[in-house]
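Worksheet for the structure shown next.
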Amino acid sequence: MELTQMEQEMLEGKHGEGVALAMKVQVATGEAFGAARMVPITRAHVALSNQDADTWFAEKMAKAGAKCKIAPTVNPGFSLKYFCGHCQSQKAMTAEDVDMMHRTHNAYKQLGAVLTYNCTPYLGSNIPQFKEVIGFSESSATPYVNAVWGARSNRESSLSALCAAITGLVPEYGLLLDENRKGDILVEVQADMDNDFAYQMLGYMGKKIGPGIPVFVGIAKRPTSEALMNLGAQLNTSGAYGMYHIVGVTPEAPTLEAAFGGKEPARKVVITNQDLKEIRDTISQAPGRIDFALFGCPHFSINQIKQVADIVQGQKLAVDLWIMTSANNKYLAERMGLKEILNAAGADIVEETCMDQPCWHFLKGKVGITDSPKLAYYPKKRGINFVIRDLETSVQAALKGEVE
Ligand code: F3S
């Protein structure tokens, strides 16, 4: 890679040990991907996982004196405030689990991150502009910033996104370049995309869609922001997609020709209602009794919180129901009276928490219901299983304690 004098000095340690280490990681990554140079970024998002490797790396950077040049927003760990007062969770968590969250918090605070603890920054706290070059990690975030906002980010890891935040640079390769943003696969959607849940299922079709950038056609109604959030989250979970196009909807696909950049699709795939039903039945636990309901992977928007509150208003839930969201949305829900409605029904809003955290270990051996395949994906390895249904059906099931 060709580095400027300043970049070379950063690599040699003239701007501190932390900056040198970050540059070393980024130059090696750039060389591995054939990047010719580094380019500046104006935003970053770090998908911290509050797990050993990430926290170790953040602490190492902090100890080496690194400070973020571009203050990144960060993903959730778990809310110490909520779960240390939640007796079931307290019993299941170890002192090390709690200590890890403190360590993560302190390391990112020292590095100068914006401590949002939210995995949907692209809907509120960190929204890029069209063609803005950024360094984002987080599976629902990367497709959203690329496909929906038309910004430019590779699928950074939490570590490489932190390096980008520290140096203010990224190696220029992959989705940062025009020629790599064009479509490869024509996906003809014959399924009725009549609610946000259909986009969860469409996104989970990664195996059928196959490798490359999908271009969706046949979607008659404009998807909601939540539908696009669902689509990206599941596409990245099922097939590591950092980019897609929807003709007539996403900004780099005003026409089919523009989406493919004038080239022929490498493949054509058709998705039907039957495909969506089959994928749901493959990943879902069989219907029957449920022990709890859990939503917010990715974090729920205020609209989604309102949808749940509208369904449960004036009723009592048969099982526990939690909604994970940002601290801002929780505050907004409180101000709008939604939290009161939810609490009266027996539901709770949990701020700044991810599904893939030890705070949920008390649910081991239980069966929940959710609208998100990604939410069901991580806990499975910890013995927590889920029935997957659309949001309305899931909340109705939580009111009854079972689903047909
Ligand atoms: Fe967010 Fe964690 Fe799900 S970061 S998308 S709640 S796995």
Side-chain angles (χ1 to χ4, degrees), residues 44-51 53-55 72-79 82-83 97 100-101 104-105 108 113-126 136-145 148 155-159 161-162 196-197 199-200 203-204 206 225-242 283 292-301 304-305 322-330 348-361 363 368 370-382 384 386 388 391 394:
H45 177 77
V46 177
L48 66 80
S49 67
N50 184 41
Q51 288 166 10
D54 279 353
T55 303
T73 46
V74 294
N75 254 22
F78 67 89
S79 166
Y82 186 86
F83 286 99
D97 295 332
M100 178 64 81
M101 193 60 235
T104 300
H105 177 80
Y108 280 91
V114 184
L115 299 172
T116 45
Y117 297 127
N118 162 236
C119 49
T120 57
Y122 48 85
L123 292 180
S125 52
N126 201 353
F136 266 48
S137 51
E138 163 49 37
S139 54
S140 81
T142 324
Y144 205 102
V145 294
V148 183
R155 291 179 64 248
E156 302 288 353
S157 69
S158 55
L159 312 189
L162 179 56
D196 294 348
F197 182 69
Y199 288 84
Q200 306 266 34
Y204 222 76
S225 300
E226 288 79 7
L228 295 170
M229 172 177 96
N230 293 345
L231 178 64
Q234 310 309 339
L235 276 173
N236 218 347
T237 305
S238 74
Y241 298 90
I283 57 180
F292 68 96
L294 183 54
F295 306 106
C297 175
H299 277 177
F300 257 21
S301 68
Q304 290 171 306
I305 296 172
W322 292 277
I323 297 171
M324 295 179 293
T325 191
S326 64
N328 284 350
N329 282 344
K330 184 172 180 177
D348 223 348
I349 301 178
V350 184
E351 74 281 15
E352 305 190 329
T353 296
C354 168
M355 187 54 231
D356 192 22
Q357 291 289 310
C359 57
W360 298 112
H361 282 182
L363 296 173
T370 187
D371 66 333
S372 164
K374 188 180 179 197
L375 189 147
Y377 177 82
Y378 293 109
K380 208 171 186 158
K381 60 183 185 243
R382 300 203 171 105
I384 309 169
F386 284 88
I388 299 171
L391 186 56
S394 297

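Atoms within a ligand are numbered from 1 in the order they appear, just like the ligands themselves. None of the values given here were measured: they were computed from a predicted structure.
Listed by number with element, the atoms of ligand 1 under 4.0 Å from a non-hydrogen atom of M355 are 2 (Fe), 6 (S). Using a 4.0 Å cut-off to heavy atoms of E138, the atoms of ligand 1 that qualify are 4 (S), 5 (S).
Minimum heavy-atom separation, L48 to D54: C-OD2, 3.7 Å. Counting all heavy atoms, side chain and backbone alike, E352 lies closest to L115 at OE2-O, 4.4 Å. Of all non-hydrogen atoms in D356 and R382, the two that sit nearest each other are OD1-NH1, 2.9 Å.
Between H45 and F136, the two ring planes are tilted [angle within 30° to 60°].
Summary of contacts: the protein heavy atom closest to atom 3 (Fe) of ligand 1 is C297 SG, 2.3 Å. Nearest protein heavy-atom contact of atom 5 (S) of ligand 1 is K374 NZ, 3.1 Å.
In this model, a donor atom of one side chain and an acceptor atom of the other lie less than 3.5 Å apart for T104 and T55.
Ring centroid separation for the pair Y377 and F386 does not come in under the 6.0 Å cut-off.
For the ligand labelled ligand 1, residue Q357 lies outside the 4.0 Å heavy-atom shell. Using a non-hydrogen distance threshold of 4.0 Å, N75 registers as a contact of ligand 1.
Among the backbone and side-chain atoms of C119, an N/O/S atom is found under 2.8 Å from atom 1 (Fe) of ligand 1. Among the backbone and side-chain atoms of C354, an N/O/S atom is found under 2.8 Å from atom 2 (Fe) of ligand 1.
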